[in-house]
Amino acid sequence: MVQRVTYRRRKSFNTKSNKVRKVKTPGGKLVLHYMGKKGKAPMCGDSACPRRLSGIPNLRPVEFSRISKRQKNVSRAYGGSRCAMCVRQRIVRAFLIEERQLVKKVLKAQASAKPSA
């Protein structure tokens, strides 16, 4: 005959926070082990970016607070806050803005040099 098992806590409904797994003990008893909720990886901090951050574990907030700082980030600019694609876009954008300013300065210098010649 099948051995019956009962919940060990007060909540008696099959909800997300009350998931259990049947485990056989060394003594041959069947008991329930409560399974914690699954965590999600942190999201990229850019508003338009839907990506999750790679290299950072999927943990619940309390478990995340328990791990060391080096496990919460990646060794890169904006590591642990922005995804690699967003960092690349920021770098390219900054470079292009700088280039635009230099081109503007060169054109202005050429325009001022032309009438005097």
Side-chain angles (χ1 to χ4, degrees):
M1 191 175 149
V2 178
Q3 186 180 352
R4 287 175 184 256
V5 289
T6 56
Y7 284 121
R8 303 165 101 175
R9 297 179 185 164
R10 289 176 187 272
K11 190 178 280 188
S12 60
F13 300 101
N14 186 23
T15 59
K16 281 191 287 186
S17 62
N18 206 28
K19 295 296 179 196
V20 289
R21 175 183 289 163
K22 290 177 186 165
V23 176
K24 199 154 218 170
T25 63
K29 253 173 75 176
L30 201 61
V31 293
L32 294 179
H33 279 190
Y34 283 89
M35 309 309 298
K37 288 184 178 181
K38 285 182 185 168
K40 288 183 180 176
M43 299 283 285
C44 176
D46 270 2
S47 57
C49 184
R51 293 186 195 87
R52 298 208 172 267
L53 298 178
S54 56
I56 297 174
N58 305 346
L59 297 172
R60 298 289 295 167
V62 172
E63 293 165 342
F64 198 71
S65 70
R66 284 192 202 120
I67 62 174
S68 64
K69 189 172 181 178
R70 71 169 188 80
Q71 293 173 298
K72 295 177 196 171
N73 59 19
V74 243
S75 54
R76 179 180 63 234
Y78 296 101
S81 169
R82 305 286 190 273
C83 68
M85 296 297 284
C86 292
V87 173
R88 186 179 295 144
Q89 283 177 352
R90 280 170 180 244
I91 292 167
V92 169
R93 190 183 306 128
F95 174 76
L96 290 174
I97 289 169
E98 196 68 31
E99 281 290 304
R100 187 176 62 192
Q101 289 171 350
L102 288 171
V103 167
K104 203 184 279 186
K105 192 183 286 184
V106 168
L107 289 174
K108 192 174 182 182
Q110 285 177 350
S112 64
K114 201 179 249 183
S116 64

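Hydrogens, waters and symmetry mates play no part in the numbers below; they use all other heavy atoms, side chains included. If you're wondering where the values come from, they're calculated on a predicted model, not measured in any experiment. Numbering starts at 1 and runs along the sequence shown.
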**OP:** Check whether any side-chain heavy atom of L53 lies under 4.5 Å from a side-chain heavy atom of I56, and answer yes or no.
**Re:** yes

Original post:
Can you check whether R9's main-chain N or O pairs, donor with acceptor, with Y34's side chain at less than 3.5 Å?
Top reply: yes

**OP:** Can you measure from CD1 (I97) to CG (L102) and round to the nearest 0.5 angstrom?
**Re:** 12.5 Å

Subject >> Considering all heavy atoms, the nearest M35-V20 contact >> reply: CG-C, 4.1 Å

Original post:
Atom NZ of K72 and atom OG of S81: how far apart are they, to the nearest 0.5 Å?
Top reply: 14.0 Å

Original post:
Hey, what do you get for CD (Q110) to OG (S112), rounding to the nearest 0.5 Å?
Top reply: 9.0 Å

**OP:** Check K19 against N14 and note the closest heavy-atom contact, atom names and distance.
**Re:** NZ-OD1, 3.0 Å

Subject >> K22 side chain near V5 side chain, heavy-atom distance below 4.5 Å >> reply: yes

**OP:** Tell me whether L32 is reachable from L30 by hopping between hydrophobic residues (I, L, V, M, F, W, Y) whose side-chain heavy atoms are closer than 4.5 Å.
**Re:** yes

Original post:
Within a radius of less than 6.0 Å around OH of Y78, do more than 12 heavy atoms belonging to other residues, nucleotides or ligands occur?
Top reply: no

Subject >> Beyond-backbone contact of M43 with R51, side-chain heavy atoms, under 4.5 angstrom >> reply: no

Subject >> Interatomic spacing from CZ in R60 to NZ in K37 - rounded to 0.5 Å >> reply: 5.0 Å

Original post:
Roughly how far apart are Y7 OH and N18 CG, rounded to 0.5 Å?
Top reply: 5.0 Å

Original post:
Looking only at heavy atoms, what is the nearest atom pair of C83 and C44, with distance?
Top reply: N-SG, 3.3 Å

Subject >> Electrostatic pair R90:D46 at N-O distance under 4.0 angstrom >> reply: yes

**OP:** Nearest 0.5 Å please: distance from the CG atom of L59 over to the CD atom of E63.
**Re:** 5.5 Å

